[in-house]
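Working notes, structure below.
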Number of protein chains: 2
Amino acid sequence: MFSIGELSKRTEVKVPTIRYYEEMGLLSEPERTEGNQRRYDVAGLERLSFIKHARDLGFSIEAISELIELQGHPDRSCQAATDIAVSQLSDVRAKIKRLRALEKELVRISKGCDGEGVSQDCYVLASLADHELCRHEH
Amino acid sequence: MFSIGELSKRTEVKVPTIRYYEEMGLLSEPERTEGNQRRYDVAGLERLSFIKHARDLGFSIEAISELIELQGHPDRSCQAATDIAVSQLSDVRAKIKRLRALEKELVRISKGCDGEGVSQDCYVLASLADHELCRHEH
DNA sequence: TGTAGTGTCTCTAGTGACTAGAGGTTCAAG
DNA sequence: CTTGAACCTCTAGTCACTAGAGACACTACA
Ligand SMILES: [Zn+2]
Ligand SMILES: [Zn+2]
Ligand SMILES: [Zn+2]
Ligand SMILES: [Zn+2]
(Lines give C-alpha, C1' and ligand atoms only; values in the text may rest on other atoms or scores of the structure.)
(Ligands and ions follow the chains in the order given, each with its own letter.)
Protein backbone atom coordinates (compact mmCIF):
# COMPACT_ATOMS: atom_id res chain seq x y z
CA MET A 1 0.00 0.00 0.00
CA PHE A 2 1.30 3.43 -0.98
CA SER A 3 0.59 6.83 0.43
CA ILE A 4 -0.37 9.53 -2.04
CA GLY A 5 3.17 10.92 -1.82
CA GLU A 6 4.72 7.58 -2.77
CA LEU A 7 2.29 7.20 -5.64
CA SER A 8 3.25 10.68 -6.74
CA LYS A 9 6.95 9.81 -6.77
CA ARG A 10 6.46 6.58 -8.66
CA THR A 11 4.27 8.09 -11.36
CA GLU A 12 5.67 11.63 -11.47
CA VAL A 13 2.16 12.98 -11.05
CA LYS A 14 1.90 15.71 -8.45
CA VAL A 15 -0.10 15.09 -5.31
CA PRO A 16 -2.80 17.71 -5.91
CA THR A 17 -3.16 16.40 -9.44
CA ILE A 18 -3.85 12.90 -8.14
CA ARG A 19 -6.57 14.28 -5.90
CA TYR A 20 -7.92 16.21 -8.86
CA TYR A 21 -8.11 13.05 -10.98
CA GLU A 22 -10.00 11.38 -8.19
CA GLU A 23 -12.45 14.26 -8.05
CA MET A 24 -12.92 14.05 -11.82
CA GLY A 25 -13.74 10.36 -11.48
CA LEU A 26 -10.64 9.07 -13.29
CA LEU A 27 -9.36 7.37 -10.19
CA SER A 28 -11.70 5.45 -7.96
CA GLU A 29 -11.67 6.42 -4.32
CA PRO A 30 -8.90 4.52 -2.57
CA GLU A 31 -8.96 2.97 0.86
CA ARG A 32 -8.22 5.22 3.80
CA THR A 33 -6.26 4.81 6.99
CA GLU A 34 -8.01 5.32 10.30
CA GLY A 35 -6.71 8.84 10.19
CA ASN A 36 -8.38 9.41 6.79
CA GLN A 37 -5.27 9.30 4.61
CA ARG A 38 -5.39 7.69 1.17
CA ARG A 39 -3.72 4.30 0.64
CA TYR A 40 -3.27 2.90 -2.86
CA ASP A 41 -2.64 -0.62 -4.13
CA VAL A 42 -0.95 -1.79 -7.35
CA ALA A 43 -4.17 -1.45 -9.30
CA GLY A 44 -4.32 2.21 -8.32
CA LEU A 45 -0.72 2.67 -9.42
CA GLU A 46 -1.40 1.08 -12.80
CA ARG A 47 -4.49 3.14 -13.28
CA LEU A 48 -2.64 6.34 -12.57
CA SER A 49 0.21 5.33 -14.90
CA PHE A 50 -2.32 4.81 -17.65
CA ILE A 51 -3.79 8.26 -17.06
CA LYS A 52 -0.35 9.87 -16.96
CA HIS A 53 0.68 8.23 -20.19
CA ALA A 54 -2.51 9.25 -21.94
CA ARG A 55 -2.20 12.83 -20.67
CA ASP A 56 1.40 12.95 -21.88
CA LEU A 57 0.09 11.96 -25.29
CA GLY A 58 -2.38 14.84 -25.14
CA PHE A 59 -5.63 12.99 -24.53
CA SER A 60 -8.24 15.02 -22.68
CA ILE A 61 -9.60 14.01 -19.30
CA GLU A 62 -12.90 13.26 -20.98
CA ALA A 63 -11.29 10.98 -23.57
CA ILE A 64 -9.36 9.21 -20.84
CA SER A 65 -12.60 8.66 -18.95
CA GLU A 66 -14.04 6.87 -21.94
CA LEU A 67 -10.92 4.79 -22.38
CA ILE A 68 -10.95 3.74 -18.74
CA GLU A 69 -14.63 2.90 -18.95
CA LEU A 70 -13.83 0.66 -21.91
CA GLN A 71 -10.94 -0.94 -20.09
CA GLY A 72 -13.37 -1.99 -17.40
CA HIS A 73 -15.38 -4.04 -19.91
CA PRO A 74 -12.91 -6.47 -21.53
CA ASP A 75 -15.51 -8.07 -23.78
CA ARG A 76 -16.84 -4.88 -25.32
CA SER A 77 -15.84 -3.75 -28.84
CA CYS A 78 -12.83 -1.48 -28.85
CA GLN A 79 -14.03 0.61 -31.78
CA ALA A 80 -14.42 3.63 -29.50
CA ALA A 81 -10.79 3.38 -28.38
CA THR A 82 -9.51 3.45 -31.95
CA ASP A 83 -11.83 6.33 -32.75
CA ILE A 84 -10.49 8.33 -29.84
CA ALA A 85 -6.88 7.64 -30.83
CA VAL A 86 -7.50 8.56 -34.47
CA SER A 87 -9.24 11.74 -33.48
CA GLN A 88 -6.40 12.64 -31.12
CA LEU A 89 -3.96 12.09 -33.95
CA SER A 90 -5.85 14.39 -36.25
CA ASP A 91 -6.01 17.05 -33.53
CA VAL A 92 -2.26 16.84 -33.15
CA ARG A 93 -1.75 17.09 -36.88
CA ALA A 94 -4.00 20.12 -37.11
CA LYS A 95 -2.04 21.82 -34.35
CA ILE A 96 1.25 21.06 -36.04
CA LYS A 97 -0.01 22.49 -39.30
CA ARG A 98 -1.11 25.69 -37.65
CA LEU A 99 2.14 26.04 -35.69
CA ARG A 100 4.22 25.54 -38.81
CA ALA A 101 2.46 28.45 -40.47
CA LEU A 102 3.10 30.57 -37.39
CA GLU A 103 6.71 29.49 -37.33
CA LYS A 104 7.32 30.67 -40.89
CA GLU A 105 5.70 33.99 -40.20
CA LEU A 106 7.61 34.48 -36.95
CA VAL A 107 10.89 33.71 -38.67
CA ARG A 108 10.23 36.45 -41.20
CA ILE A 109 9.13 38.87 -38.50
CA SER A 110 12.03 38.32 -36.16
CA LYS A 111 14.60 38.32 -38.93
CA GLY A 112 13.28 41.71 -40.00
CA CYS A 113 14.69 43.53 -37.00
CA ASP A 114 17.92 43.21 -35.08
CA GLY A 115 16.69 45.29 -32.15
CA GLU A 116 19.18 48.06 -32.79
CA GLY A 117 16.68 50.64 -34.01
CA VAL A 118 13.83 52.53 -32.40
CA SER A 119 10.23 51.50 -31.91
CA GLN A 120 8.98 53.77 -34.69
CA ASP A 121 10.98 51.96 -37.38
CA CYS A 122 10.64 48.47 -35.94
CA TYR A 123 9.79 45.77 -38.45
CA VAL A 124 8.39 43.56 -35.71
CA LEU A 125 5.86 46.18 -34.67
CA ALA A 126 5.08 47.08 -38.29
CA SER A 127 4.44 43.44 -39.12
CA LEU A 128 2.03 43.02 -36.25
CA ALA A 129 0.20 46.17 -37.27
CA ASP A 130 -0.19 45.03 -40.86
CA HIS A 131 -1.22 41.51 -41.80
CA GLU A 132 -0.62 42.41 -45.45
CA LEU A 133 3.08 41.95 -44.81
CA CYS A 134 2.45 38.31 -44.00
CA ARG A 135 3.45 35.68 -46.52
CA HIS A 136 1.29 32.86 -45.19
CA GLU A 137 -2.20 32.25 -43.94
CA HIS A 138 -2.86 31.97 -40.25
CA MET B 1 -17.37 56.21 -35.03
CA PHE B 2 -18.17 52.51 -34.66
CA SER B 3 -20.27 50.67 -32.15
CA ILE B 4 -18.68 47.66 -30.49
CA GLY B 5 -20.64 45.39 -32.83
CA GLU B 6 -19.31 47.12 -35.94
CA LEU B 7 -15.79 46.93 -34.57
CA SER B 8 -16.37 43.26 -33.95
CA LYS B 9 -17.45 42.65 -37.55
CA ARG B 10 -14.52 44.56 -39.01
CA THR B 11 -11.89 42.83 -36.90
CA GLU B 12 -13.54 39.43 -36.44
CA VAL B 13 -13.02 39.75 -32.70
CA LYS B 14 -16.09 38.85 -30.68
CA VAL B 15 -17.85 41.54 -28.70
CA PRO B 16 -17.20 40.07 -25.22
CA THR B 17 -13.57 39.60 -26.18
CA ILE B 18 -13.27 43.29 -27.03
CA ARG B 19 -14.63 44.18 -23.62
CA TYR B 20 -12.24 41.69 -22.08
CA TYR B 21 -9.26 43.34 -23.83
CA GLU B 22 -10.41 46.67 -22.49
CA GLU B 23 -10.57 45.27 -18.98
CA MET B 24 -7.06 43.83 -19.37
CA GLY B 25 -5.79 47.25 -20.37
CA LEU B 26 -4.95 46.37 -23.99
CA LEU B 27 -7.55 48.75 -25.34
CA SER B 28 -7.94 52.19 -23.84
CA GLU B 29 -11.43 53.09 -22.71
CA PRO B 30 -13.36 54.47 -25.68
CA GLU B 31 -15.80 57.35 -25.77
CA ARG B 32 -19.36 56.64 -24.78
CA THR B 33 -22.74 57.77 -26.10
CA GLU B 34 -25.14 59.54 -23.75
CA GLY B 35 -26.71 56.12 -23.21
CA ASN B 36 -23.32 54.70 -22.10
CA GLN B 37 -22.53 52.65 -25.22
CA ARG B 38 -18.94 52.42 -26.49
CA ARG B 39 -17.99 54.31 -29.64
CA TYR B 40 -14.66 53.66 -31.34
CA ASP B 41 -12.59 55.70 -33.80
CA VAL B 42 -10.05 54.54 -36.40
CA ALA B 43 -7.26 54.48 -33.82
CA GLY B 44 -9.30 52.03 -31.78
CA LEU B 45 -9.86 49.88 -34.85
CA GLU B 46 -6.14 49.80 -35.64
CA ARG B 47 -5.25 49.00 -32.08
CA LEU B 48 -7.65 46.08 -32.02
CA SER B 49 -6.38 44.81 -35.38
CA PHE B 50 -2.87 44.83 -33.96
CA ILE B 51 -4.01 42.82 -30.95
CA LYS B 52 -5.93 40.37 -33.11
CA HIS B 53 -2.97 39.81 -35.37
CA ALA B 54 -0.61 39.27 -32.46
CA ARG B 55 -3.05 36.85 -30.80
CA ASP B 56 -3.39 34.94 -34.07
CA LEU B 57 0.37 34.57 -34.03
CA GLY B 58 0.17 33.18 -30.53
CA PHE B 59 1.54 36.09 -28.48
CA SER B 60 0.23 36.23 -24.92
CA ILE B 61 -1.83 39.11 -23.61
CA GLU B 62 1.12 40.09 -21.46
CA ALA B 63 3.51 40.14 -24.41
CA ILE B 64 1.04 42.20 -26.40
CA SER B 65 0.80 44.66 -23.53
CA GLU B 66 4.53 45.20 -23.71
CA LEU B 67 4.46 45.58 -27.48
CA ILE B 68 1.70 48.16 -27.25
CA GLU B 69 3.55 50.02 -24.54
CA LEU B 70 6.57 50.14 -26.83
CA GLN B 71 4.47 51.30 -29.75
CA GLY B 72 3.43 54.29 -27.65
CA HIS B 73 7.07 55.44 -27.35
CA PRO B 74 8.34 55.77 -30.94
CA ASP B 75 11.83 56.92 -29.87
CA ARG B 76 12.54 54.06 -27.51
CA SER B 77 14.79 51.14 -28.46
CA CYS B 78 12.90 48.24 -29.97
CA GLN B 79 15.16 45.58 -28.50
CA ALA B 80 12.31 44.34 -26.31
CA ALA B 81 10.08 43.84 -29.37
CA THR B 82 12.64 41.64 -31.09
CA ASP B 83 13.22 39.73 -27.88
CA ILE B 84 9.52 39.03 -27.53
CA ALA B 85 9.24 37.86 -31.14
CA VAL B 86 12.29 35.61 -30.86
CA SER B 87 11.01 34.10 -27.67
CA GLN B 88 7.62 33.49 -29.23
CA LEU B 89 9.33 31.77 -32.14
CA SER B 90 11.23 29.47 -29.86
CA ASP B 91 8.04 28.65 -27.95
CA VAL B 92 6.37 27.71 -31.21
CA ARG B 93 9.31 25.56 -32.23
CA ALA B 94 9.32 23.76 -28.91
CA LYS B 95 5.62 23.03 -29.28
CA ILE B 96 6.10 21.70 -32.80
CA LYS B 97 8.89 19.44 -31.64
CA ARG B 98 6.78 17.98 -28.88
CA LEU B 99 3.77 17.52 -31.14
CA ARG B 100 5.83 15.73 -33.76
CA ALA B 101 6.93 13.18 -31.17
CA LEU B 102 3.30 12.70 -30.14
CA GLU B 103 2.27 12.37 -33.76
CA LYS B 104 4.71 9.52 -34.40
CA GLU B 105 3.58 7.69 -31.30
CA LEU B 106 -0.10 8.17 -32.11
CA VAL B 107 0.40 6.88 -35.62
CA ARG B 108 1.89 3.68 -34.24
CA ILE B 109 -0.85 3.36 -31.63
CA SER B 110 -3.77 3.91 -33.95
CA LYS B 111 -2.34 1.74 -36.68
CA GLY B 112 -2.11 -1.07 -34.17
CA CYS B 113 -5.84 -1.60 -33.94
CA ASP B 114 -8.60 -1.54 -36.51
CA GLY B 115 -11.38 -1.40 -33.92
CA GLU B 116 -12.72 -4.81 -34.87
CA GLY B 117 -11.62 -6.62 -31.71
CA VAL B 118 -12.58 -6.41 -28.08
CA SER B 119 -11.30 -4.12 -25.36
CA GLN B 120 -9.23 -6.84 -23.74
CA ASP B 121 -7.03 -7.34 -26.81
CA CYS B 122 -6.94 -3.70 -27.92
CA TYR B 123 -3.52 -2.43 -28.91
CA VAL B 124 -4.59 1.16 -28.25
CA LEU B 125 -5.44 0.38 -24.65
CA ALA B 126 -2.35 -1.79 -24.22
CA SER B 127 -0.14 0.99 -25.55
CA LEU B 128 -1.56 3.49 -23.14
CA ALA B 129 -1.07 1.10 -20.26
CA ASP B 130 2.56 0.46 -21.13
CA HIS B 131 4.96 3.20 -22.08
CA GLU B 132 7.58 0.54 -22.86
CA LEU B 133 5.80 -0.05 -26.14
CA CYS B 134 6.59 3.51 -27.16
CA ARG B 135 9.27 4.10 -29.75
CA HIS B 136 9.93 7.77 -28.97
CA GLU B 137 10.38 10.06 -26.02
CA HIS B 138 7.56 12.26 -24.90
C1' DT C 1 -44.73 59.50 -32.09
C1' DG C 2 -45.12 54.61 -30.90
C1' DT C 3 -43.29 50.26 -30.86
C1' DA C 4 -40.83 46.16 -32.14
C1' DG C 5 -36.61 44.11 -32.48
C1' DT C 6 -31.92 44.11 -32.16
C1' DG C 7 -27.79 45.80 -29.92
C1' DT C 8 -25.53 46.96 -25.80
C1' DC C 9 -24.73 47.41 -20.75
C1' DT C 10 -22.79 45.23 -16.25
C1' DC C 11 -22.11 41.39 -13.53
C1' DT C 12 -21.41 36.64 -12.40
C1' DA C 13 -20.01 32.12 -13.38
C1' DG C 14 -18.06 28.42 -16.27
C1' DT C 15 -14.30 26.29 -19.30
C1' DG C 16 -9.73 22.74 -18.89
C1' DA C 17 -6.33 20.98 -16.25
C1' DC C 18 -4.34 22.00 -13.02
C1' DT C 19 -1.58 25.01 -9.08
C1' DA C 20 -1.12 27.56 -4.69
C1' DG C 21 -2.23 28.54 -0.15
C1' DA C 22 -4.54 28.45 4.52
C1' DG C 23 -5.39 26.14 8.53
C1' DG C 24 -5.69 21.94 10.62
C1' DT C 25 -4.64 16.66 11.44
C1' DT C 26 -1.90 12.31 11.09
C1' DC C 27 2.00 9.64 10.53
C1' DA C 28 6.76 7.72 11.20
C1' DA C 29 11.30 8.19 13.09
C1' DG C 30 14.16 8.79 16.85
C1' DC D 1 6.73 11.35 23.45
C1' DT D 2 8.10 14.76 20.61
C1' DT D 3 9.24 16.69 16.27
C1' DG D 4 8.65 17.58 11.58
C1' DA D 5 7.21 16.02 7.29
C1' DA D 6 3.29 14.47 4.95
C1' DC D 7 -1.46 14.56 4.63
C1' DC D 8 -6.37 16.38 4.92
C1' DT D 9 -10.24 19.71 2.99
C1' DC D 10 -11.55 23.87 1.09
C1' DT D 11 -11.11 28.02 -1.51
C1' DA D 12 -9.23 30.74 -4.99
C1' DG D 13 -6.14 31.70 -8.86
C1' DT D 14 -4.24 30.67 -13.63
C1' DC D 15 -5.18 31.92 -19.16
C1' DA D 16 -8.01 33.73 -22.57
C1' DC D 17 -11.93 33.74 -23.21
C1' DT D 18 -17.37 32.26 -23.45
C1' DA D 19 -22.19 32.07 -21.81
C1' DG D 20 -26.04 33.80 -19.60
C1' DA D 21 -29.22 36.93 -16.86
C1' DG D 22 -31.63 40.96 -16.49
C1' DA D 23 -31.84 45.65 -17.70
C1' DC D 24 -31.25 49.63 -20.79
C1' DA D 25 -30.33 52.01 -25.59
C1' DC D 26 -30.73 52.61 -30.30
C1' DT D 27 -32.83 52.31 -35.00
C1' DA D 28 -36.24 51.54 -38.50
C1' DC D 29 -40.60 51.44 -39.88
C1' DA D 30 -45.80 52.36 -39.42
ZN1 LIG E 1 12.75 46.39 -34.02
ZN1 LIG F 1 -0.54 37.96 -40.55
ZN1 LIG G 1 -8.67 -1.87 -30.38
ZN1 LIG H 1 4.90 6.43 -24.13
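Lettering follows sequence order; numbering is per chain, from 1.
Rounded to whole angstrom, the span from the CD atom of A/E6 across to the P atom of C/dA28 amounts to 10 Å. Rounded to an integer number of Å, the gap from A/E23 CD to D/dT9 P is 10 Å. Atom CG of A/L7 is separated from atom C1' of D/dC8 by 16 Å (rounded to the nearest Å). Whole-Å rounding puts the A/I4 CD1 to D/dT9 P distance at 9 Å.
Of the residues in residues 57-67 of chain A, A/S60, A/I61 come within less than 4.0 Å of DNA chain C through at least one heavy atom, sorted by number. Residues from residues 26-38 of chain B that place a heavy atom under 4.0 Å from any atom of DNA chain C, listed by number: B/R32, B/N36, B/Q37, B/R38. For the segment residues 39-56 of chain A, no residue has any heavy atom less than 4.0 angstrom from an atom of DNA chain D.
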I'd like a table of donor-acceptor pairs (distance under 3.5 Å, sequence neighbours excluded) in which one partner is a side-chain atom from residues 43-52 of chain B, with atom names and distances.
from  : atom 1 : to    : atom 2 : distance (Å)
B/R47 : NH1    : B/L26 : O      : 2.7
B/S49 : OG     : B/L45 : O      : 2.9
B/K52 : NZ     : B/D56 : OD2    : 2.9

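Applying the side-chain hydrogen bond (donor to acceptor under 3.5 Å, both in side chains) test to pairs two or more places apart or on separate chains, those with a residue in residues 15-26 of chain B are B/E22-B/R38. Sorted by first and then second residue, the ring pair (Phe, Tyr, Trp, His ring centres under 6.0 Å) pairs with a member in residues 92-133 of chain A read A/H131-A/H138, A/H131-B/H53; sequence neighbours excluded.
The side chain to side chain donor-acceptor pair (under 3.5 Å) check on B/E103 picks up A/R93, with sequence neighbours excluded. Partners of A/Q79 under the side chain to side chain donor-acceptor pair (under 3.5 Å) rule, at least two apart in sequence or in another chain, are A/D83. With sequence neighbours excluded, the residues satisfying side chain to side chain donor-acceptor pair (under 3.5 Å) with B/R76 are B/H73. Judged as a side chain to side chain donor-acceptor pair (under 3.5 Å), and not counting sequence neighbours, the contacts of B/S127 are B/R108. Residues satisfying the salt bridge (charged side-chain N to carboxylate O under 4.0 Å, His left out) criterion with B/R100, sequence neighbours excluded, are absent altogether.
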Distances under 3.5 Å only, N/O to N/O: pair up the protein atoms with those of nucleotides 19-24 of chain C.
from   : atom 1 : to    : atom 2 : distance (Å)
C/dT19 : OP2    : A/T17 : OG1    : 3.1

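Side-chain nitrogen and oxygen atoms of A/S3 include none within less than 4.0 Å of the OP1 or OP2 phosphate oxygen of C/dC27. Close to D/dC8, at under 4.0 Å from its OP1 or OP2, lies a side-chain N or O of A/R19. Checking the phosphate oxygens (OP1, OP2) of D/dC17, a side-chain nitrogen or oxygen of B/Y21 falls inside 4.0 Å.
B/D114 places none of its side-chain heavy atoms less than 4.5 Å from the side chain of A/T82. A 4.5 Å side-chain heavy-atom check between A/L106 and B/F59 finds at least one atom pair inside the cut-off.
Here the straight-line distance linking atom CD1 of A/I84 with atom CD1 of A/I64 works out to 10.0 Å at 0.5 Å rounding. The line from CD1 of B/I18 to OG of B/S8 is 5.0 Å long, rounded to the nearest 0.5 Å.
Within 6.0 Å of atom CZ in B/R39, more than 12 heavy atoms from other residues, nucleotides or ligands are found, so the atom counts as buried in its surroundings.
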